[in-house]
Amino acid sequence: RANSKDEQLAKEKFNLERKLEVIEREVFQLRKDKEELIGQLNHKASLFEEIKREHMNNQMSRMQSSEEITKKLKDEVITGKIRIEELQNKLIILEKVIRQKEEAQQALSREVDQYKAAVLSYEQNEKAIKLEVIEIIQTRNQLEKENQELK
């Protein structure tokens, strides 16, 4: 019975540790994704600045096509702003997911610690019971010896 309890606790501990590893991998991947999104945002911002500079250069050199360039640039700027907003929203969601995963990771760590404490307590109780059994056997042997001496 004690072995099955030990096996059950060990199995639960093993399962919790596997879940913890999965969550740690997911958090790592989410952080990588977050960094990639930040890189994309920075890239879009630099493209936006480049487009603005290009617009200024073109405006000076070709006043006659300025309306076309302006329209094209406005469209590109609007598209860029929309994409930046989408990326920022994804980033917010990723940060929330990372936070949730980290909280789950902490909860699993606490649960693993509780199981470890329970196993330790169980082992200590088992040792105490063994000591009591030894003491009872010694007392019984002593009583039998005294009983033999009385006979």
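This chain uses plain numbering: 1 for the first residue, then up along the sequence.
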Has the side chain of S109 got a donor or acceptor atom that lies under 3.5 Å from a matching backbone atom of Q105? yes

same_hphob_cluster(L91, I93) at 4.5 Å side-chain heavy-atom cutoff: yes

Can we say R99 and E95 salt-bridge, meaning some charged N sits less than 4.0 Å from an Asp/Glu carboxylate O? no

Does the side chain of R53 reach to within under 4.5 Å of the side chain of E50, using non-hydrogen atoms? yes

Check the side chains of E12 and Q8 for a donor-acceptor pair under 3.5 angstrom, ignoring hydrogens and angles. yes

Is the closest side-chain heavy-atom distance between K52 and E49 below 4.5 Å? yes

Would you compute the distance between atom CD1 of I23 and atom CZ of R25 and round it to the nearest 0.5 angstrom? 10.5 Å

Mark yes when over 12 heavy atoms from residues, nucleotides or ligands other than E135 sit less than 6.0 Å from its CD; otherwise mark no. no

Enter the distance from Q148:CD to L150:CG here, rounded to the nearest 0.5 Å. 9.5 Å

Could you please spell out the steps behind the salt bridge (Lys or Arg N to Asp or Glu O under 4.0 Å) verdict for E144 and R140? CA-CA 6 Å; E144 285 178 356; R140 186 191 71 200; 3.7 Å; yes

E76 CD to E54 CD distance, which is reported to the nearest 0.5 Å: 8.0 Å

Before giving the answer on side-chain contact (heavy atoms from CB on, under 4.5 Å), spell out for E36 and Q40 the whole-Å C-alpha distance, their side-chain angles and the decisive distance to 0.1 Å. CA-CA 6 Å; E36 187 178 316; Q40 289 177 10; 3.5 Å; yes

If you measure from CG on L37 to NZ on K44, what distance do you get to the nearest 0.5 Å? 12.0 Å

Minimum-distance pair of heavy atoms, taken over all atoms of I98 and L30: CG1-CB, 3.4 Å

I'd like to know if I38 and V97 are part of one continuous hydrophobic network [Ile/Leu/Val/Met/Phe/Trp/Tyr, side-chain heavy atoms within less than 4.5 Å]. yes

Determine, stepwise, if the pair K90 / E86 fulfils side-chain contact (heavy atoms from CB on, under 4.5 Å). CA-CA 6 Å; K90 282 184 181 180; E86 288 171 354; 5.6 Å; no

Please check if L108 and L9 belong to a single hydrophobic cluster, counting links between Ile, Leu, Val, Met, Phe, Trp and Tyr side chain heavy atoms closer than 4.5 Å. yes

Say you draw a straight line from CG of L87 to CG of N42; how long is it, rounded to the nearest 0.5 Å? 10.5 Å

Please tell me whether Q106 and E102 have a donor and an acceptor in their side chains that are separated by less than 3.5 angstrom. no

Spacing of I84 atom CD1 and T79 atom OG1 [to the nearest 0.5 Å]: 11.0 Å

salt_bridge(E21, R18) N-O dist < 4.0 Å: yes

Are L73 and F48 connected in the hydrophobic side-chain network, where two residues link if heavy atoms are under 4.5 Å apart? no

List the steps and the verdict of side-chain hydrogen bond (donor to acceptor under 3.5 Å, both in side chains) for Q142 and Q138. CA-CA 6 Å; Q142 182 63 35; Q138 287 174 342; over 6 Å; no

Side-chain heavy-atom pair E85, K81 within 4.5 angstrom cut-off: no

Applying side chain to side chain contact (heavy atoms under 4.5 Å, CB included) between I137 and each of T139, N141, I134, report the one that passes. N141

